[in-house]
S.K.: 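Let me begin by handing over the structure; questions about it come next.
Residue numbers run from 1 in the order of the sequence given. It should be emphasised that the depicted structure is a prediction, and the values quoted were computed from it without experimental measurement.
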Amino acid sequence: ACSEFSQRSCEECLKNVSCLWCYTNNTCIDYPVRSILPPSSLCSLSNARWGVCWINFEALIIAIAVVAALILVSVAVCCCYCCYCRRRSRSRPDEEEEQLARKREERRLQSLQRKHERKLKHDEIRKKYGLLQDSDNPYSRFENE
């Protein structure tokens, strides 16, 4: 029982996790598990120690609350950042696909233009050497000299 450690030291009392040390009257009490915080009639929070002797219960509660708040804020920030990244990454492939389609179309147009230029050049060469067929009479007789 925790009351056996009364009038001894805080360290001996707190070796048992279910004990609470009160500095007001140097007593070791069973931790009131039915209530989350020990009532002030039992021991004031500034004089109560639980878990460790070097920090009072009031500071322990504040420290735990601050750490919990920091964890919650960091989780919320991470979630918001991840949602922002997902939204941004989803919009990016659409932009990239559009850009690729534009480049593909530009290449196709350039290819058609080069093809047309080659055809004109070949027609000029055919005309120069008399190989170009007359468009009025495409079925003219081939004369061999």
S.K.: Please report the shortest heavy-atom distance between N56 and S46, naming the atom on each side.
M.R.: CB-O, 3.2 Å
S.K.: If you define the side chain from C-beta out and look only at heavy atoms, does anything of C2 sit under 4.5 Å from N16?
M.R.: yes
S.K.: Do the side-chain sulfurs (SG) of C28 and C13 come closer than 2.5 Å?
M.R.: yes
S.K.: Among the clusters formed by ILVMFWY side chains lying less than 4.5 Å apart, do I29 and V17 turn up in the same one?
M.R.: no
S.K.: Within a 6.0 Å radius of atom CD on E12, are there more than 12 heavy atoms belonging to other residues, nucleotides or ligands?
M.R.: yes
S.K.: List the atom pairs, with distances to 0.1 Å, where a side-chain N or O of residues 109-119 and a protein N or O form a donor-acceptor pair under 3.5 Å, not counting sequence neighbours.
M.R.:
| from | atom 1 | to | atom 2 | distance (Å) |
| --- | --- | --- | --- | --- |
| K119 | NZ | D123 | OD2 | 3.3 |

S.K.: Let me check something: do V75 and I64 share a hydrophobic cluster, defined by ILVMFWY side-chain heavy atoms less than 4.5 Å apart, either directly or through other members?
M.R.: no
S.K.: Can a salt bridge be assigned to the pair R108 and E105 using a cut-off of 4.0 Å between side-chain N and carboxylate O?
M.R.: yes
S.K.: Testing the basics here: between E11 and C53, what is the closest heavy-atom pair and its distance to 0.1 Å?
M.R.: N-SG, 3.4 Å
S.K.: Shared ILVMFWY cluster between W50 and I62, side chains joined below 4.5 angstrom?
M.R.: no
S.K.: First locate atom CG of D30, then atom SG of C19, and finally report the distance between them rounded to the nearest 0.5 Å.
M.R.: 6.0 Å
S.K.: May I ask you to list the residues sharing a hydrophobic cluster with V77, side-chain cutoff 4.5 Å, ordered by chain and number?
M.R.: V73
S.K.: Calculate, to the nearest 0.5 Å, the distance between atoms CG and CZ belonging to L60 and R49 respectively.
M.R.: 10.5 Å
S.K.: Looking only at heavy atoms, what is the nearest atom pair of S9 and W21, with distance?
M.R.: O-CZ3, 3.7 Å
S.K.: If you look at every heavy atom in L20 and P32, which pair is closest and at what distance?
M.R.: CD2-CD, 4.4 Å
S.K.: Tell me the closest heavy-atom pair linking N47 and T24, and the distance in Å.
M.R.: ND2-OG1, 3.1 Å
S.K.: With rounding to the nearest 0.5 Å, note down the distance linking CZ in F57 to OH in Y31.
M.R.: 3.0 Å
S.K.: May I ask whether L37 and V66 are part of the same hydrophobic cluster, defined by side-chain heavy atoms of I, L, V, M, F, W, Y residues being less than 4.5 angstrom apart, directly or through others?
M.R.: no
S.K.: List, by chain and number, the other hydrophobic cluster members for L120, where Ile, Leu, Val, Met, Phe, Trp and Tyr join if side-chain heavy atoms come within less than 4.5 Å, directly or indirectly.
M.R.: none
S.K.: According to a hydrophobic-cluster definition based on side-chain heavy atoms being under 4.5 Å apart (Ile, Leu, Val, Met, Phe, Trp, Tyr only), do V52 and F5 belong together?
M.R.: no
S.K.: Taking all heavy atoms of N25 and all of Q7, pick out the closest pair and write down the distance.
M.R.: O-NE2, 3.4 Å
